[in-house]
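By convention in this document, chain letters (A, B, ...) are assigned in the order of the sequence lines, proteins followed by strands, and residues within each chain are numbered from 1.
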Amino acid sequence: MSVSLNGNIKEGLFHWHGLHYRELFQPLYARLLWQSFEFSFVTTLTCVLLGYPVALALATMPKRWKPICLMLLLIPFWSSSLVRIYALLTLLKAKGLINGALLYLGIIKMPLPLLYTKVAVIIGQVYTLLPFMILPIYVLLDEYDSSWIEAAKDLGASSTQLFWRIFWPYSLPAVGSGVMCVFLPAMTLFYIPSLLGDRSSLMLGNVIQEQIMNQDNWPGGAATSLLLTAALLVFTLVYRALFHKKRGGRLG
Amino acid sequence: MKKSLLGLFLLFHAAFAMAKPTLYVYQWINSIPDSVYKQFTKETGVPVDVSYYESNEAMYAKLKGNPSLAYDVVFPSSYFIKRMVKAHLLDHIDSSIMTHTQGIYKKFIHQPFDPNNDYSYPLTWGMTGIAVNDKYIPLSKITAWKDLWSPSYRHQVLWLNDIREPFSVALIRLGYSVNDQNPTHIKQAYALLKKGLPNVKVINADAMESMFIDEDVFLGMAWSPDTYQASQSNPHIHFVIPKGRYPLWLGCMAIPQGSRHPKLAMTLLNFLLRKDISAQIITGMGYAVTNQEAVKSLPISWQEKRFVNPSKSLLARGEIEGDVGDKARQWYEHYWLELRLSV
């Protein structure tokens with residue numbers, strides 16, 4: 001498998017150097033990479049904003065509720081993520097549940113165009129990836145020591161101060177790994193934009209699929225995969241650099 | 001170990017195949033009804049095993065990726081035949097077995113992509129036109145291709161996700177052939193399509209039918225049989241044949257290289273062209289067939305449908321999508337990606 005891919009890439013790079021297409025394609029791929037980045041960034045940010053409060057609530061709730069809530073969080077993920085995206089289709093359609101309910105309640109007169117928009121892609125990605133944000137944060141927050149809260153309160157900290165000065169710095173490494181767990185897959189989930197997105201919801205993953213499945217351009221597809229892998233590697237390195245600096249700062 | 005297992009498997013497979021030949025058919029989804037194959041099995045005793053694809057490209061990728069798949073019959077569109085022949089994916093068809101070809105419209109045989117019909121025979125054909133939901137848009141408003149560019153339909157139009165179709169439409173509007181290979185013309189078509197982009201809501205082909213039925217989309221490029229099928233579920237959907245030229249495609253039958261029973265496969269091809277069988281394809285799925293005698297045997301309600309029983313002048317307006325060659329194809333693909341990434 002890896003050998004055949006290797007051969008393809010070699011052939012592909014040669015091919016691309018040989019043809020003047022390479023230059024034609026260049027700005028296109030930069031734009032594609034940027035667009036994938038934008039989608040993933042918005043998805044990740046939304047996941048942090050939604051996931052953190054959920055993780056905090058999970059970590060601070062009474063012990064006997066925890067298993068039930070965790071189960072509720074995980075049950076949907078027993079089914080395939082593709083099936084869950086199809087489920088979203090039935091929610092977001094013009095004749096879907098959300099529009100149906102709004103029409104029935106008389107809030108809207110015409111169905112809202114929810115499906116086949118960029119927002120639908122973000123919804124799909126957040127829905128698929130949210131647990132990967134919640135779980136690492138929850139695992140870390142769950143081990144907090146209740147004596148911290150007592151100590152902070154004794155010293156006169158308000159709840160806001162308690163959060164920003166105790167919980168937030170403590171959970172930062174978990175947020176970091178959550179970001180990695182969400183951001184990297186978000187760049188590659190090609191079926192979400194192709195099922196939920198509009199005409200220009202296109203990411204690197206979609207182009208790889210297009211090149212290999214539709215254009216019979218395996219060398220091109222392999223080259224694009226390489227671009228994606230390289231981009232992900234760069235993001236991982238940036239993350240590591242940031243993360244280690246933070247940790248060093250804290251220790252020092 | 002792995003090899004010997006594979007050998008064992010193949011041996012069993014071969015033994016099984018020898019005992020009872022089965023034809024493996026690989027066809028477009030929702031194209032030929034199962035009843036047709038059941039009748040073939042009844043008449044010949046040969047079982048038919050059908051699997052489906054949703055695009056020529058997917059079929060091509062699968063055949064090319066794994067030549068040992070041993071399908072016996074595939075149904076590439078007209079513009080894919082030459083490409084598949086060049087890639088050595090198709091087998092010769094023995095014309096002496098094909099006895100039901102006299103009913104085929106003259107326009108559809110001896111095409112440049114397969115001048116002697118050595119590799120393919122057309123079975124179905126269809127138009128690329130415009131689908132409209134009259135609940136949202138009055139039918140009288142949509143008469144020509146340029147209406148898809150009208151500023152009143154911003155972010156509402158569906159384009160078929162099949163590189164050739166949007167380009168064919170643009171080339172027709174520019175007065176060029178749908179099989180144009182001139183890079184300058186392709187670039188002009190690209191520029192025209194780019195102007196139409198603000199109107200485009202979604203670019204899709206395989207989910208097009210359900211998008212129209214559920215009214216997520218109510219205007220767009222469409223294939224005639226798909227639109228017919230959609231209109232069966234939602235009577236507000238209509239197929240408009242635009243003024244002037246329209247792209248016409250042929251659903252061809254071919255035999256992949258590596259077929260285990262090519263002779264038997266040819267019998268099936270010939271069987272599908274038979275008048276009564278072709279008629280079943282029309283009534284079952286709303287596909288127009290190339291055998292013009294088939295539709296004449298059907299009730300008047302079918303004969304009135306222009307997309308299965310076209311007048312001479314209507315048929316003359318259709319331009320068959322043929323092969324454009326590898327070089328032009330790369331230009332089409334390049335500009336297509338460029339379009340998909342334009343915001």
Side-chain angles (χ1 to χ4, degrees), chain A residues 4 15-16 19-25 27-36 38 86 89-90 92-96 99-100 110-118 120-121 193-204 206-218 220-221 224, chain B residues 53-65 80 83-84 87 89 133 136 155-159 161-163 166 193 196-207 210-218 220 234 326-327 329-343:
Chain A
S4 76
H15 210 65
W16 289 53
L19 285 169
H20 55 276
Y21 284 114
R22 199 174 82 100
E23 265 185 329
L24 282 171
F25 273 113
L28 204 63
Y29 278 77
R31 225 180 322 147
L32 183 63
L33 193 62
W34 177 247
Q35 188 167 315
S36 313
E38 273 180 335
Y86 273 106
L89 268 176
T90 63
L92 298 173
K93 266 178 173 302
K95 288 185 170 176
N99 270 316
M110 288 286 277
L112 298 172
L114 298 172
L115 197 54
Y116 311 123
T117 57
K118 291 202 168 56
V121 178
S194 64
L195 282 175
L196 302 177
D198 66 357
R199 63 174 161 85
S200 57
S201 312
L202 210 62
M203 303 216 273
L204 272 173
N206 298 78
V207 173
I208 297 171
Q209 188 220 8
E210 179 110 341
Q211 284 173 317
I212 291 186
M213 289 307 293
N214 291 350
Q215 305 190 346
D216 186 34
N217 183 1
W218 288 39
T224 318
Chain B
Y53 54 85
E54 285 177 344
S55 72
N56 284 305
E57 288 83 2
M59 177 268 297
Y60 181 88
K62 199 163 171 188
L63 287 191
K64 205 177 170 198
F80 250 77
R83 198 170 150 193
M84 293 181 75
L89 293 177
N133 186 322
Y136 299 88
H155 210 69
Q156 295 185 19
V157 177
L158 174 140
W159 277 5
N161 188 13
D162 190 314
I163 302 184
L193 287 172
L197 268 184
N199 274 13
V200 180
K201 179 174 188 177
V202 59
I203 300 177
N204 194 301
D206 44 347
S210 67
M211 285 179 186
F212 270 99
I213 292 172
D214 293 338
E215 298 177 358
D216 285 306
V217 171
F218 30 83
N234 185 341
D326 288 345
K327 217 170 199 153
R329 192 166 51 80
Q330 279 177 333
W331 282 109
Y332 280 107
E333 281 166 1
H334 166 71
Y335 285 122
W336 180 242
L337 196 60
E338 197 56 84
L339 276 172
R340 301 274 339 241
L341 283 174
S342 311
V343 184

Per-residue contact mode, [X] against chain A (heavy atom under 4.5 angstrom):
X: B:Trp336; value: side chain
X: B:Tyr332; value: neither
X: B:Leu158; value: neither

* Go through B:Met211, B:Lys62, B:His155 and name the one with the most non-hydrogen pairs under 4.5 angstrom from chain A. => B:Met211

* At what distance, to the nearest 0.5 angstrom, does CZ of B:Phe80 lie from CG of B:Leu89? -> 10.5 Å

* Residue pair B:Glu215 / B:Tyr136, side-chain donor-acceptor N/O under 3.5 Å -> yes

* **A:Lys118 and A:Asp198 ion-paired at < 4.0 Å** => yes

* Is B:Glu338 salt-bridged to A:Arg31, cutoff N-O under 4.0 Å? -> yes

* Please flag which part of A:Met203 lies under 4.5 Å from any non-hydrogen atom of chain B: side chain, backbone, both or neither. => neither

* Structure fact -> Honestly, the part of A:Leu195 sitting under 4.5 Å from a heavy atom of chain B is neither

* Do other residues, nucleotides or ligands put more than 12 heavy atoms under 6.0 Å from A:Tyr86 OH? -> no

